[in-house]
Amino acid sequence: MFRCILRPSVKHLASLPALLQIRMSSSRPPLAAVCQVTATPDKEANFSACKQLVEEAKEQGACMVFLPEGFDYIGSSREETLSLSETLDGHIITQYVQLARKLEVWLSLGGFHERGHDWETDRRIYNSHVIINDKGDIMSVYRKSHLFDVELPEKGVSLKESAFTIPGPALVPPVQTPVGKVGLGICYDLRFPELSLALQRHGAEVLTYPSAFTVATGAAHWEVLLRARAIETQCFVLAAAQVGRHHDKRSSYGHALAVDPWGQVVGDCGGEKPGMVLVQVDLEKVIRTRRNMPVQQHRRDAAFYNSLNPT
């Protein structure tokens, strides 16, 4: 199990004002666990693996655990993906509600195959990001708004998420959690900076992009996109990930990452096996970064950025 717990060094503490030293030594920043797993079509095996990671994270002091897109399962066909789907009050989410309540830990469930509201007529699903608090309450549900319809024959990538998934109708407000105000996205949403900027404007201090990036697109774009979203919003970015081979037709890149508001990678789970990285989410760093480089104050109004549009 890979772990990375970031704490201020003695040298760093010595350079800080006395009051801030006292605050940091007496009250450490909250600890988040960013996980990566290898989901298969076997839902019970997937739950067992995720449960073990959540228990391990709790033992290590994490107050919130982030699981990736497809934490519940990754099907090998459209038919299997749809047949395994559930509602929010079904068995899978009920298990995680009970787990959160038992361990008294917050959970970010990064991409649940949720049956659509018109399931009986159209047999389509949402890709839903579910936040559960430490009492087992569902605090927020964000449904993925940008769907991955991509053909890259030279890279061996061919996926059409819209064939069975309904795009989410709207963003949801950032959620107040023990690690800060968390803005919710899922995987392909990462490529759309408008989403991250909208969440930041509504108070996000942490952005999260639970994902199942393909190996080809992950190697090319994963880290650079996550760092870009952190730099432009001056937020922490926590990105749980799928890793390895799910079945004969699909593999994922891995490298679950944590990035700080300066764009520095502060945790990486690697690209080979399941695990987690533990990161202290120091919101003082968000405050300092935004104060020292006040990008949001320097941003022009919407009319300025629309000035190239024909009138």
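- Close placement of the Tyr96 and Phe71 rings is indicated, their centers lying within 6.0 Å of each other.
- Side chain to side chain, Glu232 and Ser196 meet the donor-acceptor criterion of an N or O pair below 3.5 Å.
- Asp260 pairs with exactly one of Asp282, Val266, Val281, Val237 by the side chain to side chain contact (heavy atoms under 4.5 Å, CB included) rule, that one being Val266.
- Remark: the Asp42 side chain and the Thr40 side chain contain no N/O donor-acceptor pair separated by less than 3.5 Å.
- Applying the side-chain hydrogen bond (donor to acceptor under 3.5 Å, both in side chains) test to residues at least two apart or on different chains, none of the pairs has a partner in residues 166-183.
- Applying ring-ring contact (aromatic ring centres under 6.0 Å, His included) to Tyr73 and the options His246, His247, His113 leaves one that passes, His113.
- With hydrogens and angles left out, the side-chain atoms of Arg115 and Thr87 include no donor and acceptor closer than 3.5 Å.
- One side chain, Asp189 or Tyr142, offers a donor N or O that lies under 3.5 Å from an acceptor on the other.
- Residues satisfying the side-chain hydrogen bond (donor to acceptor under 3.5 Å, both in side chains) criterion with Gln234, sequence neighbours excluded, are absent altogether.
- Taking 4.5 Å as the limit, every side-chain heavy atom of Ser48 sits out of range of all side-chain heavy atoms of Glu44.
- The closest side-chain heavy-atom distance from Asp72 to Asn46 is not below 4.5 Å.
- For the 3.5 Å distance criterion, the side chains of Arg299 and Gln296 qualify, holding a donor opposite an acceptor.
- Under 4.0 Å is where a charged nitrogen must lie from a carboxylate oxygen, and between Glu114 and Arg143 at least one such pair does.
- There is a side-chain donor-acceptor pair under 3.5 Å between Ser162 and Asp149.
- Under 4.0 Å is where a charged nitrogen must lie from a carboxylate oxygen, and between Glu104 and Lys58 no such pair does.
- His146 and Phe192 have parallel rings, their planes meeting at less than 30° on a 0 to 90° scale where 60° marks the start of perpendicular.
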